[in-house]
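Every chain is numbered from 1 and lettered A, B, ... according to where its sequence line falls, protein lines coming before strand lines.
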There are 2 protein chains.
Amino acid sequence: MVKMSDVAKLANVSTATVSRVLRFPETVKEETRLKVLKAIDDLEYQPNILARQLRRNETNTILVVVPNIMNTVFLGIIEGIEAEASKNNYKVLLGNTNNEVDNEYGLIDLLKQKQTDGMILFSARMERKRLLELCENHPVVLTMDYIDGLKIPSVSIDNISSSRKAVQHLISLGHTRIAHISGPFKYASSKDRYKGYEQAMLHNDLKIDSMLVQEGLFTFESGYNQMLKLLAMEHPPTAIFAANDEMAMGVIKAAKERGLNVPNDLAVVGFDNISFSSIFDPALTTIAQPVYKMGELSMRLLLDQIRGNSQMKSQYILESDLVIRESCGGRETS
Amino acid sequence: MVKMSDVAKLANVSTATVSRVLRFPETVKEETRLKVLKAIDDLEYQPNILARQLRRNETNTILVVVPNIMNTVFLGIIEGIEAEASKNNYKVLLGNTNNEVDNEYGLIDLLKQKQTDGMILFSARMERKRLLELCENHPVVLTMDYIDGLKIPSVSIDNISSSRKAVQHLISLGHTRIAHISGPFKYASSKDRYKGYEQAMLHNDLKIDSMLVQEGLFTFESGYNQMLKLLAMEHPPTAIFAANDEMAMGVIKAAKERGLNVPNDLAVVGFDNISFSSIFDPALTTIAQPVYKMGELSMRLLLDQIRGNSQMKSQYILESDLVIRESCGGRETS
DNA sequence: CTGAAAGCGCTAACAG
DNA sequence: CTGTTAGCGCTTTCAG
């Protein structure tokens, strides 16, 4: 391992000068600089970043905590984070909690031990108190999720108005018996998506039949099963708003099996715009979150905090889009 | 920032003792140990891992270099890597090359600068010479891919025999005009999958019609487009072996649009068993790679190298499975 | 513009 | 079983 002192010796300068050439080249006389650069080259010197980090007390690394890697929505965000991070010379550590709160706690130690300069969380299942304390002492941003009342920098969409938009679309197409297959209500986003459904219905003077609201698990199978339940009703719904695309696909599968044609006999809207929603047959009408942008922005907010120019801890809400494809039939008429 | 010396002072011992309590508790008298632990607790001391890393010259971090994060096959492997890594107290850094060789080179510096203890590569597009040199000086394993002739530790499946198995299945179902939509031939895996197709055909005395082999791009659209070409032939094929699932889905979409029924009028086999292939209608018959296991094994091989007990640099080839679903019709009869 | 020197916080011989 | 001590390799004052 060739080290800085070797370079210094070869170039007949002090290590301080070598260090300067590396970090502030303009402060070194050209002649000396060239000498040093030549020595670096000759020796194929690579600085030991660990030592630098210890000295400077920063790692240029951030931690991304995901509940589940295999989710393409999360992945889109990670892609954005990674892009913005490497643009700023930051590396990203990946932490998978597998939906276990305990793993969240374990990952937090990386921050406390100064192994990363900051952290981006995809969901905050841990105790509020601990989270708050964490945010006060370290750069943290929450993405995809947000916590009411707490002023934690976060980036998300407005799940309520997005869902409202989705349901409103169904209503505009003339549907009145609209069912909702929600996500598990323990997630804030599931509650919000339900609220949006509710608001759109009430706003159009449609009453909400509690039979028409079924709690799913965000999985294909749960969408399929809940749809079967709905189809068994005396007056089944003519349209479904599913809280994510996987469940929407399950819904469509169940409908197809019962001989129903989507969209002619049943209209379906999903949520997330996962990559397969355009490939699925029929292609899914769904709400698209600006995932890449959310990732970039999250990283930028984090950098702001790390660099200390955090104008103020802020919460961003980005626009979502209703992507109209085939699963609801004719375009909006209103 | 409370440091080790603070703990030492409070507990009335030397820093050496504190260090021992942390790393080799059994070598410290219980009484002293408890005193130290209490001090650690009282001060909420968190060791500065950076300093430890510098001193021990190891990071407990490995780097995973992926060509493209948004690929669920890669993701399955990453999941396995991550699981095995965290079981061994290793962290994983994520590097996305976006399919740019230059980014590969950039990421390699992390290894050279001792920022990670080892590296798992998903594809090796860089120059052979550089790769070889890298492997000689650092722990590296190649996964999903392998390089003929070079003895680089790697974990992969046998693409040739897997494809042979897929095509043999179609032949067993009575098909003789079988087309292949390959991946870009610049990838070794594409070539191998083609070879498997060729071998199965020749083995069954079926001649290969070069018109029946079309090079795709591993994308849904390319599968769709190449299928349209095939359908325009005077004697179109009755079965398709696509080099990945996305293309297989494109194939099916094109077939459906032309009024063909899959599997009745056309049998299709894919490759990869991405999660969506079971949801797709018709559910895809495809080759499944043991991705999670590949990830685990890759990580284990890497750890072996890092820890120096690398019995020998070895290349592992895991078994793949033909998953029979709906897209080929009736079960194998042979 | 450059060099000397003092650490960053921890670990690991080596003594005792 | 515990303390002393000498660094890991780099950065950064402070002088010159």
Value in whole Å for how far the P atom of C/dC8 lies from CE of B/M1:
13 Å
5' to 3' on DNA chain D, which nucleotides open and close the contacts with chain B (atom under 4.0 Å from a heavy atom)?
D/dC1 to D/dC8
Should we say atom NZ of B/K35 is surrounded by more than 12 heavy atoms from elsewhere, each under 6.0 Å from it?
yes
How bent is the helix from C/dC1-D/dG16 to C/dG16-D/dC1, comparing axes over its five end pairs at each side, to the nearest 10°?
30°
Check the surroundings of atom CD in B/E26: do more than 12 heavy atoms from other residues, nucleotides or ligands lie under 6.0 Å from it?
yes
Looking at every heavy atom in both A/L94 and B/E82, which two are closest together, and how far apart are they?
O-OE2, 3.7 Å
Using distance alone, with no hydrogens and no angle criterion, decide if A/S123 and A/D145 have a side-chain donor and acceptor under 3.5 Å apart.
no
Do B/Y146 and B/D158 pair up side chain to side chain, a donor and an acceptor below 3.5 Å, judged on atom types alone?
no
Hydrogens and angles aside, do A/K114 and A/Q53 bring a side-chain donor and acceptor to less than 3.5 Å of each other?
no
Short side-chain donor-acceptor distance under 3.5 Å, A/S189 and A/N159:
no
Please list, pair by pair, any protein nitrogen or oxygen found under 3.5 Å from a nitrogen or oxygen in nucleotides 2-4 of chain C.
residue: C/dT2; atom: OP1; partner: A/T32; partner atom: OG1; Å: 2.1
residue: C/dT2; atom: OP2; partner: A/K29; partner atom: N; Å: 3.0
residue: C/dG3; atom: OP2; partner: A/S14; partner atom: N; Å: 3.0
residue: C/dG3; atom: OP2; partner: A/S14; partner atom: OG; Å: 3.4
residue: C/dG3; atom: OP2; partner: A/T17; partner atom: OG1; Å: 2.7
residue: C/dG3; atom: N7; partner: A/R20; partner atom: NH2; Å: 3.4
residue: C/dG3; atom: O6; partner: A/R20; partner atom: NH2; Å: 2.4

If you look at every strand shown and take non-hydrogen atoms under 4.0 Å, does A/N57 touch a base, only sugar-phosphate, or nothing?
nothing
Find the distance B/Q53:CD to C/dC8:C1' and express it as a whole number of Å.
14 Å
B/L22 CG to C/dC10 P: how many Å, rounded?
9 Å
Any luck finding a side-chain donor-acceptor pair between A/D272 and A/Q289 under 3.5 Å?
yes
Nearest whole angstrom, please: distance from the C1' of C/dC10 to the CZ of B/R52.
8 Å
When B/N60, B/L63, B/T61 are each screened for side-chain contact (heavy atoms from CB on, under 4.5 Å) with B/D117, the one that passes is B/N60
Taking for each residue the nucleotide of DNA chain C bearing the nearest heavy atom, is the 5' side occupied by B/A51 or by A/R55?
A/R55
Locate the shortest heavy-atom distance separating B/M126 from B/Y105; write the atom from each residue and the value.
CB-OH, 3.5 Å
